[in-house]
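By convention here, the first residue in the shown sequence is residue 1.
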Amino acid sequence: MYPMEETMSELYTIDIFHMFQDELFQNTAYKVIVTNEDDDWVVYAVHRIKGSGSKVREIVVDKSSNHVRCSCKMFECARIPCRHMLAYFSRMQIDDLPNEYILRRWTKSAKAMRVRDDLGSGIKEICDTSLLERRNKLFQLASTLIDEAMVTEDGTEFVEELLSSGHKKLCDMKKVCQDGEGSVIKVPIIRDHGFKEPLQVRAKGCGKRLKGGKEKAAKKARHCHSCGLTGQSHDKRNCPKLLNTSSQNARLNDEDDYVNDLSC
């Protein structure tokens with residue numbers, strides 16, 4: 001429907017384009033009115049045409065740089081122009097989205113224009129022809145060739161031999177370039193790193209060690225606090241030594257009582 005929609009469908013990835021497309025469709029429901037203007041800034045009020053309860057947003061435009069900023073802060077957060085900014089662009093009859101509002105990370109060529117360096121760690125830019133354009137060109141040519149060759153068996157065999165020989169030549173070219181006679185774009189080298197198992201640490205709050213059935217069944221040796229022996233079948237309550245002492249004391253008390261009775 002819109003020239004901006006068609007342009008961004010070719011630049012944005014599919015998920016980001018769907019988000020942008022929703023904001024682009026919503027901008028038709030908003031009205032842009034100038035509320036304040038001076039030598040440096042222009043302030044616009046953006047609100048829905050229908051619906052009095054909707055929140056009014058403010059668009060601030062810098063006259064010197066034509067930079068547009070919205071009070072909803074969607075572009076600063078999601079890095080996608082909001083419906084209020086798009087409503088302003090529509091009012092100004094701007095059909096193409098300015099480059100400063102197109103974040104490169106959301107475009108289809110974001111990965112194609114960046115490669116790893118020779119060590120496979122850093123990232124450097126490709127300053128010449130875009131890899132994405134070359135890739136699309138080769139895909140289109142190969143697709144056309146395969147569609148024409150698959151109709152007959154002779155054509156299929158011819159294309160198979162052609163692709164095999166071409167792959168062999170590319171391998172030879174790559175080998176020559178790696179020997180130092182040419183220059184190629186390096187790809188990251190995946191190295192396997194050996195990792196050791198981490199040390200087991202008892203974390204705080206893990207609790208005490210759980211005892212097994214045998215440990216629970218094993219009883220602690222009984223200790224008598226009266227006679228001081230350990231491993232006996234008695235304790236202080238039924239210690240034989242204490243019982244003998246008690247019986248002797250009782251017998252002595254009985255004898256004293258008997259003597260006192262005679263004296264009386």
Side-chain angles (χ1 to χ4, degrees), residues 1-117 119-137 139 185-186 188:
M1 293 176 59
Y2 307 100
M4 187 182 296
E5 179 187 8
E6 182 179 0
T7 303
M8 301 314 297
S9 67
E10 299 175 356
L11 295 178
Y12 277 146
T13 60
I14 186 65
D15 293 335
I16 300 301
F17 173 70
H18 286 161
M19 296 172 61
F20 172 80
Q21 190 180 40
D22 182 59
E23 296 296 321
L24 187 62
F25 286 170
Q26 292 290 339
N27 87 89
T28 58
Y30 288 84
K31 181 169 58 176
V32 182
I33 302 174
V34 179
T35 57
N36 191 10
E37 184 176 1
D38 55 17
D39 296 336
D40 300 325
W41 307 89
V42 183
V43 181
Y44 297 87
V46 184
H47 57 84
R48 279 186 175 273
I49 300 175
K50 293 183 179 181
S52 57
S54 61
K55 188 174 182 179
V56 179
R57 301 293 184 177
E58 285 189 352
I59 295 289
V60 181
V61 182
D62 187 357
K63 289 185 176 181
S64 60
S65 61
N66 290 327
H67 180 72
V68 181
R69 185 175 69 253
C70 181
S71 61
C72 74
K73 302 295 184 181
M74 178 179 175
F75 181 74
E76 287 78 5
C77 180
R79 310 303 290 175
I80 298 175
C82 61
R83 59 193 66 180
H84 317 108
M85 295 173 61
L86 296 175
Y88 165 77
F89 292 144
S90 178
R91 184 180 187 273
M92 297 292 107
Q93 296 182 356
I94 300 175
D95 295 333
D96 293 329
L97 188 65
N99 293 330
E100 60 180 311
Y101 304 107
I102 304 175
L103 198 64
R104 188 174 181 180
R105 71 175 68 173
W106 303 144
T107 60
K108 298 177 181 178
S109 60
K111 292 184 178 180
M113 296 298 292
R114 287 174 173 263
V115 294
R116 297 286 178 179
D117 61 5
L119 299 177
S121 57
I123 296 179
K124 60 183 179 180
E125 299 288 340
I126 303 175
C127 300
D128 53 2
T129 308
S130 173
L131 288 179
L132 183 63
E133 295 178 358
R134 279 188 267 171
R135 185 174 182 271
N136 292 337
K137 183 179 179 180
F139 261 112
I185 299 173
K186 300 292 184 179

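- Residues Gln26 and Arg48 form a side-chain contact, since some pair of their non-hydrogen atoms from C-beta on lies under 4.5 Å apart.
- Within a 6.0 Å radius of CD in Glu76, more than 12 heavy atoms belonging to other residues, nucleotides or ligands are found.
- Side-chain contact between Trp41 and Asp62: present, with at least one pair of heavy atoms (C-beta onward) separated by less than 4.5 Å.
- How far CG of Asp95 is from CG of Leu97: 11.5 Å, rounded to the nearest 0.5 Å.
- Interatomic distance, Tyr12 OH to Met19 CE, rounded to the nearest 0.5 Å: 9.5 Å.
- A pairwise comparison of heavy atoms in Asn27 and Ser90 identifies OD1-CB, 3.8 Å as the closest pair.
- Under a 3.5 Å cut-off, the side chain of Lys50 and the backbone N or O of Ala29 do not form any donor-acceptor pair.
- Between Ala45 and Thr35, the shortest heavy-atom distance links the atoms CB-CG2, 3.4 Å.
- Taking 4.5 Å as the limit, some side-chain heavy atom of Thr28 sits within range of a side-chain heavy atom of Tyr2.
- Within a 6.0 Å radius of CG in Asp40, other residues, nucleotides and ligands contribute more than 12 heavy atoms.
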Give the C-alpha distance, both sets of side-chain angles, the deciding distance and a yes or no for side-chain contact (heavy atoms from CB on, under 4.5 Å) between Leu24 and Met8.
CA-CA 11 Å; Leu24 187 62; Met8 301 314 297; over 6 Å; no
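- Listed for the Tyr101 side chain is a donor-acceptor partner under 3.5 Å among the backbone atoms of Val68.
- Atom CZ of residue Arg105 and atom CZ of residue Arg79 lie 7.0 Å apart, to the nearest 0.5 angstrom.
- Inter-residue side-chain proximity for Phe20 and Leu11 is flagged as unmet; no heavy-atom pair is nearer than 4.5 Å.
- Shown here are the salt bridge (Lys or Arg N to Asp or Glu O under 4.0 Å) partners of Lys73, two or more places apart in sequence or in another chain: there are none.
- Put simply, CE on Met85 and CZ on Arg69 are 10.5 Å apart, with the number rounded to the nearest 0.5 Å.
- Using a 4.5 Å heavy-atom threshold, the side chains of Ile33 and His47 count as touching.
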Pair Asp22, Arg83 - check side-chain contact (heavy atoms from CB on, under 4.5 Å), show working.
CA-CA 8 Å; Asp22 182 59; Arg83 59 193 66 180; 4.0 Å; yes
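- You'll find the side chain of Glu5 reaches within 4.5 Å of the side chain of Phe17, heavy atoms only.
- Remark: Thr13 OG1 to His18 NE2 distance equals 9.5 Å, nearest 0.5 Å.
- Looking at heavy atoms from C-beta onward, Ile80 lies in side-chain contact with Ile16 at the 4.5 angstrom threshold.
- Heavy-atom minimum distance, Ile49 versus Tyr30: CG1-C, 4.0 Å.
- A distance of 13.0 Å separates OG1 in Thr107 from CD in Glu10, rounded to the nearest 0.5 Å.
- Within the 4.5 Å cutoff, the side chain of Glu37 has heavy atoms near those of the Lys63 side chain.
- In this structure, Arg91 is not positioned above the aromatic face of Phe89 in the sense of NZ or CZ being under 6.0 Å from the six-membered ring centre and within 45° of the axis.
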